[in-house]
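Order of the sequence lines fixes the chain letters, A, B, ..., with proteins taken first and strands second; residue numbering starts at 1 for each chain.
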There are 2 protein chains.
Amino acid sequence: MANKKKTTIKDIANVLGITPSAVSKALNDHPRISEKTKSAVLQIARNLDYQPNHLASALRKGKSNLVGVIVPRTNSHFFSSVIENIEKVLNKEGYHIIITQSNESYKKECSNIDTLLFTQVDGIIASMANETVKLDYFEKIKSKGIPLILFDRGENDLNVDYIGINDYESSHMIVEHLINQGCKRIAHIGGYKHTRIFNNRIRGYVDAIKKHELPLDNELLIESSLTTEDGREKMTQLLALKNRPDAVYVAGDYAALGALQVLNEHHISVPLDIALVGFGNEPFTAMVTPTLSSVNQHSAEIGKQAALTFLERIKTPTVKQSLNKIILDAELIVRSSSRIKET
Amino acid sequence: MANKKKTTIKDIANVLGITPSAVSKALNDHPRISEKTKSAVLQIARNLDYQPNHLASALRKGKSNLVGVIVPRTNSHFFSSVIENIEKVLNKEGYHIIITQSNESYKKECSNIDTLLFTQVDGIIASMANETVKLDYFEKIKSKGIPLILFDRGENDLNVDYIGINDYESSHMIVEHLINQGCKRIAHIGGYKHTRIFNNRIRGYVDAIKKHELPLDNELLIESSLTTEDGREKMTQLLALKNRPDAVYVAGDYAALGALQVLNEHHISVPLDIALVGFGNEPFTAMVTPTLSSVNQHSAEIGKQAALTFLERIKTPTVKQSLNKIILDAELIVRSSSRIKET
DNA sequence: TATATTTGTTCCAACGTTTGAACAAAAATA
DNA sequence: TATTTTTGTTCAAACGTTGGAACAAATATA
């Protein structure tokens with residue numbers, strides 16, 4: 001019994017002998033429509049299994065109730081959790097989301113933006129790809145006049161709303177934690193300097209090292225793509241030094257995992273020989289051996305705030321220029337990989 | 001310079017003093033439109049930064065070029081990789097995808113289906129939630145007359161296209177591998193029996209055990225939700241047995257990870273005291289200590305085939321009833337957790 | 001030269017919904 | 001009873017694009 005032809009508002013109108021516009025108004029609970037008509041319409045709609053044609057109403061109303069989300073990848077707990085919470089907030093308000101992944105590629109990100117604009121989304125919530133340096137495509141979103149909200153990887157001079165954590169302070173905190181554990185020669189495998197958040201982490205590291213008058217060695221500060229593979233490589237590089245570090249702070253958990261693998265393979269005791277701290281608090285940090293210290297980025301809260309910011313922007317059509325910069329306090333989770341002194 | 005008003009086909013028509021329909025035809029490379037007009041239109045379109053209104057064309061053409069994807073969650077490598085490959089194939093054909101997650105909840109899955117139907121997707125590719133027993137919402141998709149393609153968790157009697165792996169044989173293979181390694185008492189932490197793929201794995205396990213005349217003990221066959229947490233619990237349960245197993249085959253990697261944690265915490269040697277095999281070949285299986293044997297499910301190929309199946313269904317509007325059941329051969333990846341005998 | 005064909009365009013209706021204006025009928029007020 | 005207000009509905013246009021039919025002009029064929 002394949003119901004090929006979809007039922008429209010018109011079909012309902014015909015059954016009841018009224019006008020399509022009356023049906024539309026009934027369905028939208030228009031005050032001028034009688035209760036009798038409303039309930040009749042609802043009844044028939046149910047009987048005919050009526051599903052409103054979203055395309056038509058979006059076209060007419062000039063808004064799609066769709067929000068685009070762009071993330072570097074979905075298979076990390078952080079992004080997946082952010083998305084989940086964006087969805088939770090937006091669904092309540094009748095919005096649905098379209099998720100796209102850039103796979104850390106600038107080109108893919110641009111094509112994602114085109115896709116989303118093409119789909120007539122009402123706004124875009126994004127975290128930028130590692131590769132992204134040019135912001136032209138993000139400017140394009142802005143020029144369309146739809147809200148753009150960035151989170152995590154996205155702090156920059158675009159002059160748009162942003163939700164993230166206090167990277168500088170977190171970084172500072174990590175270094176001081178390692179110093180407290182007695183480490184004297186602390187290395188940092190950081191992300192790309194051109195990305196604001198990673199740059200902030202680097203600055204936090206540098207300033208903390210300086211503050212405690214530890215050696216600020218060029219060899220100890222390495223830029224990385226922060227993949228597991230690159231973490232392995234950069235750790236290997238550190239092990240090759242004449243003067244090895246006694247602690248390594250990696251700006252991302254996946255790269256920290258790679259580093260840990262290398263250390264384990266070399267039978268270097270973590271944390272006794274070299275202490276290790278990651279960033280992001282991915283679930284696997286609690287699963288590896290030894291468990292990996294990391295920083296909780298409050299993914300759920302970031303997602304929630306991003307969605308709320310979008311809703312706020314949508315509700316005030318006036319170009320209210322007060323920017324929303326929400327910076328959350330991150331939390332250092334100390335695990336075995338950096339617990340040297342008993343507390 | 002916020003370009004509030006979007007440029008339409010009409011604007012281009014006005015500039016050139018021609019008709020909107022001529023512009024539309026020019027943009028769609030209609031054979032009857034002169035090259036001169038075409039290039040002029042293209043030029044003006046570029047100048048005015050014209051973006052076609054997808055909503056309008058989808059409404060008119062009766063197809064949205066959107067495909068819905070439903071997965072239990074995106075933060076596993078398997079699903080993330082399937083999605084990536086679905087996208088790769090479909091993008092080439094001008095389709096875009098909307099990703100939704102059910103979080104293993106039947107209710108969420110239903111609401112996802114409603115969302116997707118509401119968005120007028122041209123088809124749905126899905127892997128079912130653990131919880132799902134009733135198939136009414138999937139019937140709803142079918143009754144709308146749009147293609148439904150299931151993969152992995154989705155083999156059932158819905159009579160729709162399906163792409164998966166040979167679970168029964170894979171399971172058989174795992175048990176025989178463990179027997180080859182000298183194991184005599186093999187336990188199975190399986191998924192929910194009501195899900196076809198997990199049931200197949202259970203059957204594969206049982207048959208292999210019977211075939212080799214090993215003890216088929218009720219205590220050794222446990223049903224689980226296959227989360228990391230539940231894996232811990234079920235492993236603890238197995239350790240409490242008077243007669244412990246010497247091998248455990250877990251039907252999912254995340255649960256296997258939980259099991260491994262418990263074994264490590266109890267200082268039980270893996271694989272010497274108890275060998276362990278997971279399922280899914282998630283990246284972390286190669287990262288934990290000891291590395292975890294698992295089964296590669298060919299996620300990329302599954303994604304590709306799912307997308308191709310969709311395209312085929314769309315291209316043959318006739319109700320061609322020959323069902324597409326693609327069953328791929330899975331591959332056992334033997335790692336330290338089950339390598340007892342040197343090869 | 002008359003007719004047939006091709007070419008390039010316009011015209012118009014349609015996709016399904018929404019919305020303000022218009023309007024008749026019913027109810028409230030004078 | 002005459003007038004105003006309220007109520008419930010219809011009317012008509014619109015959102016932006018598409019595609020078949022119609023049509024005039026240019027070109028090819030008889």
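Under the ring-ring contact (aromatic ring centres under 6.0 Å, His included) criterion, B:H30 pairs with no residue at all, not counting sequence neighbours. Legend: residues meeting side-chain hydrogen bond (donor to acceptor under 3.5 Å, both in side chains) with A:D11, ordered by chain and number and at least two apart, are absent. Shown here are the ring-ring contact (aromatic ring centres under 6.0 Å, His included) partners of B:H298, two or more places apart in sequence or in another chain: there are none. Residues passing the salt bridge (Lys or Arg N to Asp or Glu O under 4.0 Å) test with B:D161 are B:R313, sequence neighbours excluded. Every residue two or more places apart in sequence or in another chain was checked for a salt bridge (Lys or Arg N to Asp or Glu O under 4.0 Å) with B:E84, and none qualifies. Legend: residues meeting side-chain hydrogen bond (donor to acceptor under 3.5 Å, both in side chains) with B:N47, ordered by chain and number and at least two apart, are B:Q43. Partners of B:H77 under the ring-ring contact (aromatic ring centres under 6.0 Å, His included) rule, at least two apart in sequence or in another chain, do not exist in this structure.
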Could you list the protein-to-nucleotides 14-16 of chain D atom pairs, N/O on both sides, closer than 3.5 Å?
{"residue": "D:dA14", "atom": "N3", "partner": "A:R60", "partner atom": "NH1", "Å": "3.2"}
{"residue": "D:dC15", "atom": "O2", "partner": "A:R60", "partner atom": "N", "Å": "3.2"}
{"residue": "D:dG16", "atom": "N2", "partner": "B:A56", "partner atom": "O", "Å": "3.2"}

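Within the 4.5 Å cutoff, no side-chain heavy atoms of B:L55 are placed close to those of B:L59.
Heavy-atom distances under 4.0 Å link DNA chain C to no residue of residues 111-120 of chain B. A heavy-atom distance below 4.0 Å to DNA chain D is reached by these residues of residues 30-38 of chain A, ordered by number: A:R32, A:I33, A:S34, A:T37. Against DNA chain D, the stretch residues 15-27 of chain A makes heavy-atom approaches under 4.0 Å through A:I18, A:T19, A:S21, A:A22, A:K25.
The pair B:D49-A:K140 fails the salt-bridge criterion, with no side-chain N (NZ, NE, NH1 or NH2) lying under 4.0 Å from an Asp/Glu carboxylate O. Between B:K108 and B:E131 there is no salt bridge, since no side-chain nitrogen of the basic residue lies less than 4.0 Å from a carboxylate oxygen of the acidic one.
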What's the verdict on salt bridge (charged side-chain N to carboxylate O under 4.0 Å, His left out) for A:R153 and A:E104, showing C-alpha distance, side-chain angles and the deciding distance? CA-CA 11 Å; A:R153 308 233 216 100; A:E104 304 286 11; 2.8 Å; yes

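Following rounding to the nearest Å, A:D29 (CG) and D:dG8 (P) show an atom-to-atom distance of 13 Å.
Aromatic ring orientation, A:F310 versus A:Y95: perpendicular (interplanar angle above 60°, classes split at 30° and 60°). The aromatic rings of A:F118 and B:H54 sit tilted, their planes meeting at an angle between 30° and 60°.
The two residues A:D152 and A:Y162 have their closest heavy-atom pair at O-OH, 2.6 Å.
A side-chain contact (heavy atoms from CB on, under 4.5 Å) with B:L90 holds for exactly one of B:N65, B:L66, B:V69, B:L311; it is B:L311.
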For DNA chain C, just give me the dot-bracket, please: Watson-Crick or G-U, both distances below 3.5 Å, ( ) intra-strand, [ ] crossing earlier pairs, | paired with another strand, . unpaired. ||||||||||||||||||||||||||||||

